[in-house]
Amino acid sequence: MHTDEVKPGIRLTGLASGAATVVAVTAIGDALQVTVRDDAGRLSEQVLFPDDIAALRAEAPASRWSFDADPARFRLAAEALRMRHAGLSDPMLAVETSDIDPLPHQIRAVYGTLLAQPGSLRFLLADDPGAGKTIMA
């Protein structure tokens, strides 16, 4: 590493205090006085001579995003999010994805009358036996 490469914001390894982020740099002839912040947040100052500077290495900046997660868990989370928001574009999603075949009067009763009411009203579904009250509920 060269003297002109040591700048505030760069993360260096090879310092006496270990790996740290440079906060400030002051040139003193061929040497540099650097103020660094370590991983614990402590500040320290060091004077680096040309031999010390040559031994320094800049760490690659850590990416804010990583793509090393378990793909199965990612797919599960993405599918859960998709299912959570699917009803926003299709109000009859539950009916379409279930293994039931609702009749037109059931759909009209639930989606046309019951759900169209304002507030949280309670309803009593009373119909002939076998008319699909459980499906409507």
Side-chain angles (χ1 to χ4, degrees):
M1 177 166 265
H2 300 291
T3 307
D4 58 340
E5 294 176 309
V6 180
K7 298 177 182 175
I10 193 169
R11 185 160 171 82
L12 298 174
T13 58
L15 297 166
S17 60
T21 303
V22 176
V23 177
V25 179
T26 305
I28 307 172
D30 289 341
L32 295 176
Q33 178 180 358
V34 295
T35 304
V36 295
R37 183 182 315 271
D38 65 7
D39 293 334
R42 293 184 297 262
L43 292 173
S44 64
E45 288 186 349
Q46 298 178 20
V47 177
L48 302 174
F49 296 100
D51 293 340
D52 300 327
I53 296 169
L56 294 177
R57 298 287 173 252
E59 273 189 12
S63 174
R64 183 172 170 205
W65 306 102
S66 65
F67 296 97
D68 58 352
D70 179 22
R73 293 186 71 181
F74 175 79
R75 182 170 182 199
L76 179 66
E79 182 67 11
L81 190 61
R82 184 193 68 80
M83 290 171 65
R84 180 178 182 187
H85 295 293
L88 297 175
S89 61
D90 185 7
M92 291 186 54
L93 179 72
V95 175
E96 293 173 4
T97 58
S98 64
D99 194 24
I100 59 172
D101 293 322
L103 299 173
H105 76 279
Q106 296 165 335
I107 293 173
R108 192 174 334 113
V110 173
Y111 289 98
T113 305
L114 299 178
L115 294 179
Q117 298 295 320
S120 58
L121 297 176
R122 294 176 180 228
F123 294 94
L124 171 65
L125 293 175
D127 208 344
D128 297 332
K133 294 181 295 298
T134 303
I135 292 172
M136 285 192 281

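Sequence positions, counted from 1, serve as the residue numbers for this chain. Here the structure is a predicted model, which means the values were calculated and not measured. What you see below is based on every heavy atom in this structure, not just the backbone, and it leaves out hydrogens, waters and symmetry mates.
The local environment of CG in D30 is sparse, with at most 12 non-hydrogen atoms from other residues, nucleotides or ligands closer than 6.0 Å.
Under the rule for a side-chain contact (heavy atoms from CB on, under 4.5 Å), L76 has no partner lying at least two apart in sequence or in another chain. For A27, the side-chain contact (heavy atoms from CB on, under 4.5 Å) partners at least two apart in sequence or on another chain are L32. With sequence neighbours excluded, no residue satisfies salt bridge (Lys or Arg N to Asp or Glu O under 4.0 Å) with R73. Partners of A54 by side-chain contact (heavy atoms from CB on, under 4.5 Å), not counting sequence neighbours: none found.
Atom CZ of F49 sits about 8.0 Å away from atom CD1 of I28, to the nearest 0.5 Å. The distance from the CG atom of D68 to the CG atom of D70 is 10.5 Å, given to the nearest 0.5 Å.
Contact annotation: the side chain of V23 approaches that of L43 to within less than 4.5 Å [non-hydrogen atoms, C-beta and beyond]. No side-chain heavy atom of V22 sits under 4.5 Å from any side-chain heavy atom of T35.
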In residues 4-16, what donor-acceptor pairs under 3.5 Å come from side-chain atoms, sequence neighbours left out?
from, atom 1, to, atom 2, distance (Å)
E5, OE1, H2, N, 2.7
R11, NE, E59, OE1, 2.8
R11, NH1, D39, OD1, 3.1
R11, NH2, D39, OD1, 2.7
R11, NH2, D39, OD2, 3.1
T13, OG1, R57, O, 3.3

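For residues 42-52, the salt bridge (Lys or Arg N to Asp or Glu O under 4.0 Å) pairs, not counting sequence neighbours, are D38-R42.
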